[in-house]
J.: 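Attaching a single structure in C-alpha cells format; questions to follow.
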Amino acid sequence: MPLPVLSTPLARAVPWLACALLAGCATATQPVPYAGLQSSQLLRPNPQDTTGRIPYRAVSGVPSPDWRSYSRLIIDPVTVYRGPDQQFEDVPETARYALADYLRNQFTARLATRFRIVDRPTAGTLRLRLTLTGAKSTTRGLSTVTRFDLAGGPYNLVQGLRGKEGTFTGSVSYAVEIFDAPSGALLDAFVTRQYPNALNIAATLGSMDAAQAGVEKGAEELLAQFR
C-alpha cells in the first residue's frame, strides 16, 4: 500500500512552520540603557531608528553638533561593562577582552580616515568612549547549515534581503559616547547591537566571527555619521 501523500496546503505549510521555529533562534536580547554608563539618564527609545540596531539614543536638548567643525579625535581604551545589566551570553572572559581590543582597533582604523587621532584635547577635538556591553557567540556548524537547508535557507534569504539577523548567529552590543574633548560636554550617545547580514556565510564559521563582523559594520556606520 503506498504511503499517504500530504495535502498540498500542508506540504506548503511545513517549511514555513520550520522557518517560524528558526525565527525564534534568530532573536536575541536587545540592548538596554545600561545603568553604569555616564549617559544612561539621558538615553531614551530612539524613534528615528528603523533598523532595530540603535534602540536607545541620548536626548539632551542640545542642538545637533556640526561634526565638520571637528578634525581631531581621542579614542579612549574600550571598557568591558561589568554592570548587572550586562548582556554577555555565555561569552568567556578572555573572548570579551579580545572583542574589546578588536572594537578599538577597528574603530581607530576606520575613523583615522576622517580624523587625526590624537591624545590631547585641543580645540576641534572629539573624545570617543566605547563600552562593550554584551555579545553572543555563533552556534558553529548549525549556523552555517541553516543557510543551505530547506527550512533555514529561505528564511535566511528573506532576513538577508531585509538586513536582519540570521539563525544561530552571534552579535555584539556596545555603547557609544561622544564628547567635545576640551569641555567634556556630551554631544551624542547611543547603545547599539550589531550583527552581520544573514547571507554572510563567512561570519558563521567561527564562534566570534559574527560579533567581529558586527563591530566592523558599526565602525562603518559611525564613520558615515561623521561625514
Side-chain angles (χ1 to χ4, degrees), residues 31 33-34 36-44 46 48-49 51 53-83 94-135 163 171-197 200 202-203 208-227:
Y34 305 100
L37 299 175
Q38 180 176 333
S39 60
S40 178
Q41 296 301 314
L42 297 174
L43 292 172
R44 299 290 185 273
N46 182 12
Q48 297 180 340
D49 176 41
T51 66
R53 293 177 183 268
I54 306 177
Y56 292 94
R57 197 157 208 144
V59 177
S60 62
V62 178
S64 299
D66 180 7
W67 301 120
R68 295 172 299 178
S69 64
Y70 292 92
S71 59
R72 299 176 178 82
L73 177 67
I74 297 171
I75 303 179
D76 290 344
V78 175
T79 300
V80 177
Y81 189 67
R82 294 291 183 181
T94 54
R96 298 180 193 184
Y97 280 100
L99 189 58
D101 288 341
Y102 194 79
L103 188 68
R104 190 175 194 276
N105 291 338
Q106 290 298 310
F107 273 71
T108 299
R110 282 164 172 75
L111 294 175
T113 65
R114 163 65 176 79
F115 297 97
R116 178 183 175 189
I117 307 300
V118 298
D119 56 10
R120 294 184 180 181
T122 56
T125 303
L126 293 173
R127 179 182 295 275
L128 174 65
R129 180 180 299 161
L130 299 168
T131 305
L132 181 65
T133 57
S171 63
V172 60
S173 297
Y174 57 90
V176 175
E177 295 172 300
I178 306 168
F179 304 86
D180 175 81
S183 68
L186 180 69
L187 301 178
D188 191 17
F190 58 89
V191 295
T192 182
R193 179 169 165 271
Q194 297 283 353
Y195 45 84
N197 187 281
N200 185 342
M208 297 306 294
D209 286 353
Q212 291 182 346
V215 166
E216 296 163 12
K217 191 178 187 72
E220 291 290 349
E221 289 180 1
L222 186 61
L223 176 59
Q225 174 179 322
F226 286 134
R227 283 178 171 166

J.: So L103 and E216, do their side chains get closer than 4.5 Å, heavy atoms only?
T.: no
J.: If you take the centroid of each ring, where Trp contributes its six-membered ring, are Y34 and Y174 closer together than 6.0 Å?
T.: no
J.: For the side chain of S69 and the backbone of D66, is there at least one donor-acceptor N/O pair under 3.5 Å apart?
T.: yes
J.: Quick one: CG on L37 to CG on L43, what's the gap to the nearest 0.5 Å?
T.: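 L37 atom CG to L43 atom CG measures 6.5 Å (nearest 0.5 Å).
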J.: Is the closest side-chain donor-acceptor distance between S183 and D180 under 3.5 Å?
T.: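 Yes, because at least one side-chain N or O of S183 sits under 3.5 Å from a partner of the opposite role on D180.
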J.: Please report the closest heavy-atom contact between L73 and T125, naming both atoms and the distance.
T.: N-CG2, 4.1 Å
J.: Using modelled atom types only, decide if a donor and an acceptor are shared between the side chain of S39 and the backbone of A189 within a distance under 3.5 Å.
T.: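 Checking the backbone N and O of A189 against the side chain of S39, no donor-acceptor pair under 3.5 Å is found.
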J.: With a cut-off of 6.0 Å (strictly less than), are more than 12 heavy atoms of other residues, nucleotides or ligands near CZ of R68?
T.: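 No.
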J.: Would you name the heavy atoms of R104 and I75 that are closest together and state the gap between them?
T.: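 Answer, listing the atom of R104 first, then I75: NH2-O, 2.6 Å.
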J.: Do L186 and L42 have side-chain heavy atoms sitting under 4.5 Å apart?
T.: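 With C-beta onward as the side chain, the pair touches.
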J.: Which atom pair, heavy atoms only, marks the closest approach of P31 to P55?
T.: CD-CG, 4.0 Å
J.: Do any N or O atoms from the side chain of S173 and from the backbone of R193 form a donor-acceptor pair under 3.5 angstrom?
T.: no
J.: Do Q38 and R129 have side-chain atoms, one donor and one acceptor, less than 3.5 Å apart?
T.: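 Side-chain D/A pair, Q38 to R129: present.
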J.: Quick check for you: to the nearest 0.5 Å, what is the distance between E177 atom CD and L130 atom CG?
T.: 9.0 Å
J.: Quick check: do F190 and Q225 have side-chain heavy atoms less than 4.5 Å from each other?
T.: yes
J.: What's the shortest heavy-atom distance between R72 and A123, and which atoms?
T.: NH1-O, 3.6 Å
J.: Tell me, do L132 and T79 make a side-chain contact under 4.5 Å, heavy atoms counted?
T.: no
J.: Run the side-chain donor-acceptor check on residues 111-119: report pairs under 3.5 Å with partners two or more places apart or on a different chain.
T.:
from, atom 1, to, atom 2, distance (Å)
T113, OG1, R110, O, 2.5
R114, NE, F226, O, 3.3
R114, NH1, Y70, O, 3.0
R114, NH2, W67, O, 2.8
R114, NH2, Y70, O, 3.2

J.: Identify whether the distance between the nearest side-chain nitrogen and carboxylate oxygen of R57 and D49 falls below 4.0 Å.
T.: no
J.: Please round to the nearest 0.5 Å and tell me the distance separating atom CG of L187 and atom CD1 of I178.
T.: 7.5 Å
J.: What's the verdict on side-chain hydrogen bond (donor to acceptor under 3.5 Å, both in side chains) for E221 and Q194, showing C-alpha distance, side-chain angles and the deciding distance?
T.: CA-CA 10 Å; E221 289 180 1; Q194 297 283 353; 2.9 Å; yes
J.: Show your working on side-chain contact (heavy atoms from CB on, under 4.5 Å) between D76 and L128 and close with a plain yes or no.
T.: CA-CA 6 Å; D76 290 344; L128 174 65; over 6 Å; no
J.: Can you see which heavy atom on A175 is nearest to which on V191, and at what distance?
T.: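 For A175 versus V191, the nearest heavy atoms are CB-CG1, 3.9 Å.
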J.: Does a side-chain heavy-atom distance below 4.5 Å link L99 with V215?
T.: yes
J.: Counting C-beta onward and ignoring hydrogens, is there a side-chain heavy-atom pair between F107 and L222 closer than 4.5 Å?
T.: yes
J.: Are Y97 and V80 close enough that some pair of their side-chain heavy atoms sits under 4.5 Å apart?
T.: yes
J.: Over all heavy atoms of both residues, which pair between V172 and G214 is shortest? Give the atoms and the distance, please.
T.: CG1-C, 3.9 Å
